[in-house]
Amino acid sequence: MESNRIDLLIYNIGTLITMQGSQEPRRGGEMSKVASVRRGAVAIADGIIVAAGTEEDVLAQIGELPVTSKHNAEGKLVTPGLIDPHTHLVHGGSRENELALKLKGASYLEILAQGGGILSTVRLTRQASEDELYVKAKKSLDTMLSYGVTTAEAKSGYGLTLDDELKQLRVTRKLNQEHPVDLVSTFMGAHMVPEEYKGRSQGFVQLIIEEMLPEVKRQGLAEFCDVFCEHGVFSVEESEQILLAAKAMGFGLKIHADEIEPIGGAQLAGKLGCISAEHLIAASDEGLEAMQRSGVIAVCLPATSFNLRLKHHARARRMIEIGLPVALSTDYNPGSSPTESIQLVMTLGCLNLGMSPEEVLTAVTINAAHAIGKGDKIGSLEVGKQADLVIFNAGNLAYLPYHFGINHVHSVFKQGKMVVLDGNRIH
């Protein structure tokens, strides 16, 4: 052991779930294996895990090393920090006015056609200052942290001009620098064709490729590029153009695929080798199999299909059966999924997607980490990984999705430092 001391020893853990044992995204039966131990402990030095397992084993491993601080977990459940791999964190305004339209039967695409939906948020985001966007996004990020999220992805896509996209991405960068939650930034200028390009989608595609992507890359504002591949938004051909250009510039690739209609987004994800394809509510067997062959991670968003009142959901059970790694996320955004609660998503993963509590936890820890390219640093409690973990007011894993609608978090540790206690952020 390299460290000459232990900064923090968390002991008397009733159930410790480490997710140890795999360097790859988990698939099939592996998604049910969560490496659970009774009466566990975790030893941390310099924000990194130096031992995790049974209390007896951890104490034997650290031997006579001095321990600076100890924390009694009081027999509670401890898991890796939760990871939200698909959010639209930075945006202006909200869209509660659309609730009445939805209750009258208007579909997502119908609201969009009336000038609502994403286009409504684009107008509000363009009007908002950078400081206003920061304050609003920080509030949401505080909420995510209080629910156990220690890392999240954040997409742009509500600016749809070069300046406004850069504005969103700068807010994400500032939050990543100043907030305990680590943020992974995704450029999503291809979220919608803006009103000023109506009927000229190819012109907007060229703007993204020739101006937006190069400038985002030059300023180092995003790791990934995402495209909304959907009927009435960006076609498969347009999506491929954008993603190939992004790949050539060194971006990792993501795609909003087959959310409403099965137009072939999942197949494109497989063809291009995207790190993840997201939504997939309408994805065909052919599309899922193409993803499986290429190692694409399926990011399912059950709060979105729930909020859109859809009669069907992403086919997580089919995905798991064919060996497709599944992650779960809130899809936090002001329209189709206005929730920051990853714990609600975990419940919906069980009730609406048919996943077990073990599969759900895998989907919001190690698989979510791999979906944002961070599986080597976070997502499990293993020696050498970042010490991000959550202590829950629960005795076992099944209790989290079973008892829904409340926040189960007792405390959150980020890089070995307590940042949430009793559900409240510590400043």
Side-chain angles (χ1 to χ4, degrees), residues 1-11 13 15-27 30-31 33-37 40-55 57-62 65 67-69 71 73 77-85 144-145 148-153 176 179-184 223 252 275-276 297 325 327-329 342 358 360-392 397 409 411-420:
M1 186 178 300
E2 294 179 11
S3 178
N4 58 8
R5 73 189 189 289
I6 300 300
D7 294 328
L8 175 65
L9 176 67
I10 301 175
Y11 69 100
I13 298 170
T15 301
L16 172 65
I17 298 180
T18 66
M19 304 303 303
Q20 291 177 1
S22 177
Q23 303 305 310
E24 301 292 327
R26 299 200 180 184
R27 59 195 78 219
E30 293 294 314
M31 286 191 63
K33 298 176 182 177
V34 297
S36 176
V37 299
V42 180
I44 299 162
D46 296 319
I48 301 296
I49 295 167
V50 296
T54 65
E55 195 168 296
D57 287 346
V58 169
L59 291 176
Q61 287 178 57
I62 65 176
L65 288 176
V67 177
T68 304
S69 178
H71 182 84
L77 170 71
V78 173
T79 76
L82 307 183
I83 298 163
D84 197 340
M144 290 179 181
L145 177 63
V149 170
T150 52
T151 301
E153 184 252 22
N176 184 49
H179 198 279
V181 174
D182 287 331
L183 291 177
V184 173
E223 294 182 42
I275 191 171
S276 65
I297 298 170
L328 293 175
S329 184
I342 195 73
E358 291 77 14
V360 161
L361 188 67
T362 298
V364 295
T365 55
I366 193 62
N367 279 9
H370 282 290
I372 55 174
K374 304 297 179 187
D376 59 334
K377 295 181 176 64
I378 56 174
S380 60
L381 302 178
E382 302 186 70
V383 174
K385 283 197 170 182
Q386 200 163 282
D388 298 352
L389 55 90
V390 185
I391 301 179
F392 287 101
L397 173 57
V409 166
S411 48
V412 178
F413 291 79
K414 182 67 180 176
Q415 296 183 42
K417 302 248 186 316
M418 184 186 285
V419 290
V420 170

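Side-chain N or O atoms of D7 include one that pairs as donor or acceptor with a backbone N or O of D46 at under 3.5 Å. Without hydrogens or angle criteria, Q415 side chain to Q386 main chain gives no donor-acceptor distance under 3.5 Å. Between the S380 side chain and the I366 main chain, no donor and acceptor come within less than 3.5 Å of each other. Within the 3.5 Å criterion, the main-chain N or O of T362 finds no donor-acceptor partner in the side chain of N367. Looking at K385, its side chain does come within 3.5 Å of a backbone N or O of I378 through a donor-acceptor pair.
Annotation for I275 and G373: closest pair CD1-N, 3.6 Å, computed over non-hydrogen atoms. Of all heavy-atom pairs between A371 and P85, the closest is CB-CB, 4.2 Å. Here the closest heavy-atom approach between residue M19 and residue P80 is recorded as CG-CG, 3.8 Å. When all heavy atoms of R26 and G21 are compared, the closest pair comes out as NH2-N, 3.8 Å. Nearest heavy atom pair, residue I342 against residue L82, reads CG2-CD1, 3.6 Å. Summarising the geometry of H71 relative to S411, their closest heavy-atom pair is NE2-OG, 4.4 Å, with the distance given to 0.1 Å.
Using a 4.5 Å heavy-atom threshold, the side chains of K414 and L145 count as separate. Contact annotation: the side chain of L9 approaches that of V58 to within less than 4.5 Å [non-hydrogen atoms, C-beta and beyond]. Counting heavy atoms from C-beta outward, L8 and F413 have side chains that approach closer than 4.5 Å.
Note: E358 CD to M31 CE = 11.0 Å, rounded to the nearest 0.5 Å. Taking CD1 of I10 as the start and OG of S69 as the end, the distance is 9.0 Å to the nearest 0.5 Å. To the nearest 0.5 Å, the span separating CD on E55 from CD1 on I13 amounts to 8.0 Å. The distance from atom OG1 of T15 to atom CZ of F392, rounded to the nearest 0.5 Å, is 12.5 Å. In this structure, CD on E153 lies 11.5 Å from NZ on K374, to the nearest 0.5 angstrom.
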Practice task
May I have the step-by-step check of side chain to side chain contact (heavy atoms under 4.5 Å, CB included) for V181 and M144, ending in yes or no?
Solution key: CA-CA 9 Å; V181 174; M144 290 179 181; 5.5 Å; no
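Partner L381 forms a side-chain contact (heavy atoms from CB on, under 4.5 Å) with one of I17, L16, T365 and no other, that one being L16. Under the side-chain contact (heavy atoms from CB on, under 4.5 Å) rule, T150 has a single partner from L389, D182, V412, which is V412.
Residues E30 and R27 are not paired through a salt bridge, judged by the lack of any N-O separation under 4.0 Å between the basic side chain and the carboxylate.
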